[in-house]
Asker: 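Structure incoming, see below.
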Amino acid sequence: MKCSRLIFPTLKETPSDAAIESHRLMLRSGLIRKLASGLYSYLPLGLRVIQKMENIIKTEMDKAGAQEFRMPLLLPRELWDETGRYELMGDLMMKVADRGNKDFVLGPTHEEAFTSIIRDAIKSYKELPVIVYQIGKKFRDEIRPRFGVMRGREFIMKDAYSFDMDEEGLNASYQAMKQAYINLFKAAGLKTVRVGADSGAMGGSGSEEFMVPSHIGENEIIVCEACGYAANDEAAVCGQNNHEKKDNEILPVEEVDTPDVRSIDELVAFFKTTADKFIKTIIYRYMTQDSEDIVAVLIRGDLEVNEIKLANNLGAVNIALVDDQTIKKVTGAPVGFAGPVDLGKCRIVADDSVKSMTNSITGANKKDKHLINVNIGTDFEVTDFLDVRMVKKGDLCPECGKSLDSFRGIEVGHIFKLGLKYTKAMHCIVLDENGKEHYPIMGCYGIGVDRSVAAVVEQNHDENGILWPITIAPYHVELIPIKYDGRMKEVSDSLYTELWNKGVEVLMDDRPSRPGFKFKDADLLGIPIRITIGEKSLAENKIEIKLRATGETEFVEISEAVKRILSIKDDLESAILG
RNA sequence: CGGGCUGUGGCGCAGUUGGUAGCGCACAUGACUGGGGGUCAUGGGGCCGCUGGUUCAAGUCCAGUCAGCCCGACCA
């Protein structure tokens, strides 16, 4: 491709609404343009990168024995009614009606669609296992799209689903996908960390996320440097923190006037003490399969409740804080004065952190009153002690007991064991060797394609622009004639043709611009190998080769150029693939 | 959903106590220049987000509305 014909509107100045580096650089280098909030167009260079990412994914999926499909974006409502997700997905799912007023949705994911195909196509255990996948558009009406292509509303996703006869088969499929993910992220030049994630009702090690460490990441990752434990903060479990009860003398409860003092911060200031002396009492409504109830959750004042862990512990499908009126009804006091003492009307559970607390401060369940010197056993009872806290840096590792660290990460891939949820709900049945009906067990494996590309930029750039890993760079080589004229033009043209013939993808900047301008653009674009054809070196029959990432420069005889470039390309590739 | 900020040529922005819109970049033409976004000259391009109001007069003041961005979304 020649720059004179290529549409890549580079920007010298930074667009004002780009908040992170990848967004800025993708905009500036003319890879993408915004059409509306959360909706981006890929221009030719951006598309090439996306397609390379897709091809890397495809290659590994196929290697793992997965087969490619292409599903519609628009899906009929009935499919979603079968699993109850039409309601469950809520506003995240874009709902539309056709001219006949028939309901459709823009697919935010495709479990139902794939399961319906398998249900019709596969009838016998002999046809299993299968792994099916597609790379295609998804639509999610995000509350707040942001960071460019990192969290868009319309985005490209690779989603794969495995169907197996039994747990053992599922494990094998899961392992195959895991290995494929490890390979493909590496091939794309992305450094990822694998962490344990929330797996809802499935439990165990059935859910892992591939995270790209980055300060702009939307997930908090908890890691243990000592033993390698790694988990999403939604899933991180807490080591048994010094739960030994201190030998404090148990003091009698006293009621204290605390006019208008509600939040932990206000209480800390009021009592002139620290947050860990308080027991927070939070009232939740939780729904299980067939019932609904209220629960008071106690936790030490300096900690936060992890609602996902709470829901899992309670066996709840849904959980939410109750409204102010309900608080008043349950506790007898307005918001801010709830406490466990004489809270007779509902179940009380406590985070493990509360176990060792003595002479604590809590709400008195009366307006403008708190209690001091509250003690478990003496003043109130707890039904269950659970691990429901949000794990933080400095907490203890559940595996080895050492102190945990944390960092932020971008989720680029997620693999997890789905179980029978969809096959059951959708009556996807195969016959086993005894002719008995059997639900296949599913696994689900996703990759955010746009997001992975953005993460590559996030991870590979400098102050001048992008530094593409050669495996997903829009082109391998950018060829810059200082002036596209005379001998420089001749040499450039013949190199251009020769390289393409040898399978090297070349972008030639044949524009009549000044050299400095072209160099700046080249740095922005970040094509890994830059060849400069200039008068000075040409006088010695040489061309210049410069690596974008390291700045390494060498001059090579024209006759040796193609060979040398080929070998540099190989070197760059094997440096990534290892 | 709540709070904050911003809407003025393609992009980045200025526009004072209200008086009929400007700068840089980009674009077009020409000349010079030619290894890190060059110089000069000339030129084209704006319903000042939208609607309504105040006023002799509104980019500017008021009300509403739409859009975008940022932060937060109940932890008692």
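Letters go in sequence order (proteins before strands), and every chain restarts at 1.
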Asker: Between the base of B:G37 and the side chain of A:K12, is one N or O donor paired with an acceptor at under 3.5 angstrom?
Answerer: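 When only heavy-atom distances are counted, A:K12 does not reach the base of B:G37 through any donor-acceptor pair under 3.5 Å.
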Asker: Starting the side chain at C-beta, find the nucleotide from B:G37, B:G35, B:C11 nearest to A:D521.
Answerer: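 Minimum distance to the A:D521 side chain belongs to B:G37.
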Asker: Regarding A:N541 and A:E557, do their side chains bring together a donor and an acceptor under 3.5 Å, going by distance alone?
Answerer: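 Distance-only check fails for A:N541 and A:E557.
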Asker: Taking only the side-chain nitrogens and oxygens of A:K34, find out if one of them lies under 4.0 Å from OP1 or OP2 of B:C69.
Answerer: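 So the side chain of A:K34 is within the cut-off, an N or O lying under 4.0 Å from OP1 or OP2 of B:C69.
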Asker: With a non-hydrogen cut-off below 4.0 angstrom, is A:S37 in contact with a base, only sugar-phosphate, or nothing?
Answerer: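 Answer is sugar-phosphate: A:S37 comes under 4.0 Å of backbone atoms only.
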Asker: Rounding to an integer number of angstrom, what distance separates B:A14 and B:U51 when you compare their P atoms?
Answerer: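 Per the computed distance, 24 Å lies between those P atoms.
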Asker: The side chain of A:I282 lies closest to which of these nucleotides: B:G34, B:C75, B:C70?
Answerer: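 Within the option list, the nearest is B:C75.
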Asker: Under 3.5 Å, is there an N or O donor on one side and an acceptor on the other linking the side chain of A:E544 and the base of B:G35?
Answerer: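 Yes, the side chain and the base share a sub-3.5 Å donor-acceptor pair.
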Asker: Would you indicate what A:I480 reaches in the nucleic acid, counting non-hydrogen atoms under 4.0 angstrom: base, sugar-phosphate, or nothing?
Answerer: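 Nothing: the residue A:I480, judged by heavy atoms under 4.0 Å, touches no strand.
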Asker: Taking the minimum atom-to-atom distance to the side chain of A:R514, which one of B:C71, B:G12, B:U33 wins?
Answerer: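 Per side-chain heavy atoms of A:R514, the pick is B:U33.
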Asker: Side chain of A:R146 only, heavy atoms from C-beta on: which candidate in B:G12, B:G37, B:C71 is closest?
Answerer: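 Nearest to the side-chain atoms of A:R146, counting from C-beta on, is B:C71.
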Asker: Nearest to the A:L267 side chain among B:A76, B:G35, B:G37, which nucleotide is it?
Answerer: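 That would be B:A76.
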Asker: Hey, does A:R28 reach any base, or is it just sugar-phosphate, or nothing, if we go heavy atoms under 4.0 Å?
Answerer: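 Base contact - A:R28 has a heavy atom under 4.0 Å of at least one base atom.
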Asker: Please state the P separation for the pair B:G68 and B:G30 - nearest whole angstrom.
Answerer: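 That atom pair is separated by 42 Å.
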Asker: Mind checking if A:K546 touches a base, just sugar-phosphate, or nothing, with heavy atoms under 4.0 Å?
Answerer: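 Since a base atom lies under 4.0 Å of A:K546, the category is base.
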Asker: Output the single nucleotide from B:G34, B:C75, B:C70 whose closest atom is nearest the side chain of A:K483.
Answerer: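 For A:K483, the side-chain atoms sit closest to B:G34.
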Asker: What integer distance in Å separates A:D17:CG from B:G12:C1'?
Answerer: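 Nearest whole value for this atom pair: 12 Å.
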Asker: In whole Å, I'd like the distance from the CZ atom of A:F270 to the P atom of B:A76.
Answerer: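 These atoms are roughly 17 Å apart.
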Asker: Sticking with atom C1', work out how far B:U17 lies from B:G64, rounded to a whole angstrom.
Answerer: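 That atom pair is separated by 27 Å.
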Asker: Using a heavy-atom cut-off of 4.0 Å across all strands, would you classify A:T331 as base, sugar-phosphate, or nothing?
Answerer: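 Nothing, no heavy atom under 4.0 Å.
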Asker: Rounded to the nearest Å, what distance is computed from the CD atom of residue A:E218 to the P atom of nucleotide B:C70?
Answerer: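 Distance, rounded to whole Å: 11 Å.
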Asker: In whole Å, I'd like the distance from the CG atom of A:L303 to the C1' atom of B:A76.
Answerer: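 A:L303 atom CG is separated from B:A76 atom C1' by 15 Å.
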Asker: Using atom CG of A:L11 as one end and atom C1' of B:C25 as the other, report the distance to the nearest whole Å.
Answerer: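 After rounding, the gap between these two atoms is 10 Å.
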Asker: Here's a test for you: under side chain to side chain contact (heavy atoms under 4.5 Å, CB included), which of A:N365, A:V341, A:D379 qualifies with A:L371?
Answerer: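 It is A:V341; the other options fail the test.
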Asker: Could you let me know what B:A28 is paired to, Watson-Crick or G-U wobble, both distances under 3.5 Å, or none if it's on its own?
Answerer: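 Base partner found: B:U42.
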Asker: Does B:C48 have a Watson-Crick or wobble mate here (both distances under 3.5 Å), and if so which one?
Answerer: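 For B:C48, the partner nucleotide comes out as none, under the 3.5 Å rule.
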Asker: Any idea which of B:G35, B:G34, B:A73 is nearest the A:I143 side chain?
Answerer: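 Nearest to the side chain of A:I143 among the choices is B:A73.
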Asker: Once you apply the 3.5 Å cut-off to both distances, tell me the Watson-Crick or G-U wobble partner of B:C69, or none.
Answerer: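 WC or wobble partner is B:G4.
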Asker: Do A:K309 and A:D387 meet the salt-bridge criterion of a basic N to acidic O distance under 4.0 Å?
Answerer: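 Here A:D387 pairs with A:K309 in a salt bridge, since their nearest N and O are under 4.0 Å apart.
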Asker: Ignoring backbone atoms, establish whether A:R144 has a side-chain N or O less than 4.0 Å from OP1 or OP2 of B:C71.
Answerer: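 Checking A:R144 against B:C71: at least one side-chain N or O falls below 4.0 Å of OP1 or OP2.
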Asker: Would you mind telling me which residue lines up with the more 5' stretch of RNA chain B, A:L538 or A:V322, judged by nearest nucleotide?
Answerer: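 Between the two, 5'-proximity favours A:L538.
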Asker: With RNA chain B as reference, determine whether A:K280 or A:R530 sits nearer its 5' end, using the nearest nucleotide of each.
Answerer: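 Whichever sits nearer the 5' end wins; that is A:R530.
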Asker: At 4.0 Å (heavy atoms only), tell me whether A:P481 reaches a base, stays on the sugar-phosphate, or touches nothing.
Answerer: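 Contact class for A:P481: none.
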Asker: B:G35 base to A:E535 side chain: any donor-acceptor pair below 3.5 Å?
Answerer: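 Side chain to base: no pair present.
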Asker: Reckon A:I264 touches a base, only the sugar-phosphate, or nothing at all at heavy-atom distances under 4.0 Å?
Answerer: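 It contacts sugar-phosphate atoms only.
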Asker: Rounded to the nearest angstrom, tell me the gap between atom CD in A:E142 and atom C1' in B:A73.
Answerer: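 Rounding to the nearest Å, CD of A:E142 and C1' of B:A73 are 15 Å apart.
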Asker: Expressed as a whole number of Å, how far does the C1' atom of B:G3 sit from that of B:G46?
Answerer: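 Those two atoms are separated by 33 Å.
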Asker: Can you tell me the Watson-Crick or wobble partner of B:C56, both distances under 3.5 angstrom?
Answerer: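 WC or wobble partner is B:G19.
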Asker: Find the distance A:L27:CG to B:C11:C1' and express it as a whole number of Å.
Answerer: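 It works out to 10 Å between those atoms.
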Asker: Any side-chain N or O of A:S16 less than 4.0 Å from the OP1 or OP2 oxygen of B:G12?
Answerer: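 Yes, within the criterion.
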Asker: Using atom P of each nucleotide, how far apart are B:A26 and B:A41 to the nearest Å?
Answerer: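 Their P atoms lie roughly 15 Å apart.
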Asker: Checking all strands, does A:G534 fall into the base, sugar-phosphate, or nothing category for heavy-atom contacts under 4.0 angstrom?
Answerer: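 A:G534: base contact, heavy atoms under 4.0 Å.
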Asker: Please confirm whether A:K542 makes a cation-pi placement over A:F555, using NZ or CZ under 6.0 Å from the six-membered ring centre and within 45° of the ring normal.
Answerer: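 So A:K542 doesn't make the cation-pi contact.
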Asker: Using the rule side chain to side chain contact (heavy atoms under 4.5 Å, CB included), only one of A:M211, A:E218, A:R451, A:R151 pairs with A:I410; which is it?
Answerer: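 The side chain to side chain contact (heavy atoms under 4.5 Å, CB included) with A:I410 is passed solely by A:R451 among A:M211, A:E218, A:R451, A:R151.
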Asker: Assign A:S537 to base, sugar-phosphate, or nothing according to its heavy-atom contacts below 4.0 angstrom with the strands shown.
Answerer: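 Contact class for A:S537: base.
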Asker: Quantified in whole Å, what is the P atom distance between nucleotide B:G15 and nucleotide B:G22?
Answerer: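 About 15 Å, rounded to a whole number of Å.
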Asker: Distance check, P atoms only: B:C62 and B:A58, in whole angstrom units.
Answerer: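 That atom pair is separated by 15 Å.
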Asker: If you count heavy atoms of other groups shown closer than 6.0 angstrom to CD of A:E535, is the number above 12?
Answerer: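 Check fails, neighbour count at 12 or below.
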Asker: Mind checking the P distance from B:G7 to B:G43? Whole angstroms is fine.
Answerer: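 Pairwise P distance, B:G7 against B:G43, rounds to 30 Å.
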Asker: Is it the case that atom NZ in A:K95 sees more than 12 heavy atoms from other parts of the structure closer than 6.0 Å?
Answerer: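 For A:K95, atom NZ is crowded (more than 12 foreign heavy atoms under 6.0 Å).
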Asker: Has A:R48 got its NZ or CZ under 6.0 Å from the middle of the six-membered ring of A:Y475, at an angle within 45 degrees of the ring axis?
Answerer: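 Verdict for A:Y475: a cation-pi partner in A:R48.
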Asker: From A:Y496 OH over to A:L507 CG, what is the distance, rounded to the nearest 0.5 angstrom?
Answerer: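 Nearest 0.5 Å value for the OH-CG distance: 7.5 Å.
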Asker: Categorize A:L298 for me: base, sugar-phosphate, or nothing, with a 4.0 angstrom heavy-atom threshold over every strand shown.
Answerer: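 Touches nothing.
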Asker: Roughly, in whole Å, what's the span from CG in A:L479 to C1' in B:G35?
Answerer: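 Checked: the CG to C1' distance equals 15 Å.
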